[in-house]
Amino acid sequence: MHQMPGVAAVVVMGVSGAGKSTVGRLIAARLDCPFRDADSFHPKANIEKMASGVPLTDEDRWPWLRAIAAWIAEHRVAGTTCVVTCSALKRAYRDLVTDNQRTDVRLVYLQGDIDLIEQRLKVAQEDYEARYGKTSS
């Protein structure tokens with residue numbers, strides 16, 4: 001396993017459809033380090049809420065963000081590097097995940113053309129509906 005000296009984590013952030021998971025996996029493969037998608041940190045209640053089409057509140061997000069921060073902290077203590085995705089669109093979210101903007105956490109902010117993002121979200125929604133059925137809006 002490779003390490004980036006002095007770097008506990010690379011957090012790949014951006015809106016849904018920006019390519020966080022794809023880019024995160026590529027970075028992790030290049031660094032030969034663990035990768036986790038932010039969705040894998042959600043508690044069951046959040047997953048159920050999202051599956052029913054109910055948007056998450058900040059109160060719903062705090063335990064999820066703390067879980068991501070804890071995973072990064074584990075790597076900090078171990079002296080290893082990890083890669084994780086997280087939308088992290090609000091400063092408060094980034095502050096929590098990065099332990100108040102510690103210098104051993106690198107943020108990679110993905111941006112994209114609105115038409116590209118919309119197309120990716122449409123394809124993702126179609127894939128989701130094909131697997132799990134159509135959700136009510």
Side-chain angles (χ1 to χ4, degrees):
M1 181 176 304
H2 296 275
Q3 296 180 44
M4 289 179 62
V7 177
V10 176
V11 178
V12 183
M13 58 176 280
V15 298
S16 294
K20 295 182 298 291
S21 296
T22 300
V23 172
R25 283 186 190 95
L26 289 169
I27 293 170
R30 179 74 174 190
L31 296 176
D32 190 26
C33 68
F35 167 79
R36 282 189 64 185
D37 190 282
D39 286 345
S40 70
F41 293 93
H42 275 295
K44 186 178 179 186
N46 284 8
I47 294 167
E48 290 170 355
K49 202 170 185 181
M50 291 184 293
S52 64
V54 177
L56 298 179
T57 65
D58 281 348
E59 291 308 308
D60 296 323
R61 288 185 179 95
W62 297 128
W64 167 65
L65 293 164
R66 282 193 293 271
I68 294 169
W71 193 62
I72 292 171
E74 289 171 16
H75 285 275
R76 180 177 295 119
V77 169
T80 59
T81 302
C82 65
V83 178
V84 63
T85 64
C86 181
S87 52
L89 298 176
K90 289 185 178 182
R91 176 67 185 250
Y93 300 169
R94 291 191 299 276
D95 286 347
L96 180 55
V97 168
T98 63
D99 193 13
N100 292 308
Q101 306 289 326
R102 284 181 62 128
T103 59
D104 66 348
V105 179
R106 302 293 193 268
L107 295 174
V108 177
Y109 178 42
L110 302 182
Q111 295 177 301
D113 176 83
I114 189 71
D115 293 331
L116 174 65
I117 301 292
E118 285 178 348
Q119 180 58 32
R120 286 180 179 171
L121 291 174
K122 180 181 177 200
V123 169
Q125 181 65 31
E126 290 168 356
D127 289 346
Y128 180 88
E129 288 175 1
R131 272 189 249 158
Y132 306 109
K134 191 169 180 108
T135 58
S136 60
S137 300

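Side chains included, hydrogens not; waters and symmetry mates left out as well; all remaining heavy atoms used.
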Mind checking the [atom1]-[atom2] spacing from [X] to [Y]? Nearest 0.5 Å is all I need.
| X | Y | atom1 | atom2 | answer |
| --- | --- | --- | --- | --- |
| S87 | R94 | OG | CZ | 10.0 Å |
| L31 | C82 | CG | SG | 10.5 Å |
| L96 | I68 | CG | CD1 | 8.5 Å |
| W64 | I47 | CH2 | CD1 | 11.5 Å |
| L65 | H42 | CG | NE2 | 8.0 Å |
| L110 | T85 | CG | OG1 | 10.0 Å |

Tell me whether [X] contacts the main-chain N or O of [Y] through its side chain, where contact means a donor paired with an acceptor under 3.5 Å.
| X | Y | value |
| --- | --- | --- |
| K20 | C86 | no |
| N46 | L56 | no |
| R91 | A88 | no |

Could you walk me through whether D95 and N100 pass side chain to side chain contact (heavy atoms under 4.5 Å, CB included), step by step?
CA-CA 4 Å; D95 286 347; N100 292 308; 3.8 Å; yes
Please examine the side chains of [Y] and [X], heavy atoms only from C-beta on, and report whether any two atoms are closer than 4.5 Å.
| X | Y | value |
| --- | --- | --- |
| R61 | K90 | no |
| D58 | Y93 | yes |
| V84 | I72 | yes |
| H75 | P34 | yes |

Co-membership, hydrophobic cluster, residues F41 and V83, 4.5 Å side-chain
no
Where do V10 and V7 come nearest, in terms of heavy atoms and distance?
CG2-CG1, 4.4 Å
Could you tell me which non-hydrogen atom of F35 sits nearest to which non-hydrogen atom of A28, and how far apart they are?
CB-CB, 3.5 Å
CA sep, side-chain torsions, deciding dist, call: V97, V105, side chain to side chain contact (heavy atoms under 4.5 Å, CB included):
CA-CA 9 Å; V97 168; V105 179; 5.6 Å; no
Could you walk me through whether T98 and L107 pass the side chain to side chain contact (heavy atoms under 4.5 Å, CB included) check?
CA-CA 9 Å; T98 63; L107 295 174; 3.8 Å; yes
If you apply the rule side chain to side chain contact (heavy atoms under 4.5 Å, CB included), what do you find for K49 with T57, and how did you get there?
CA-CA 10 Å; K49 202 170 185 181; T57 65; 4.2 Å; yes
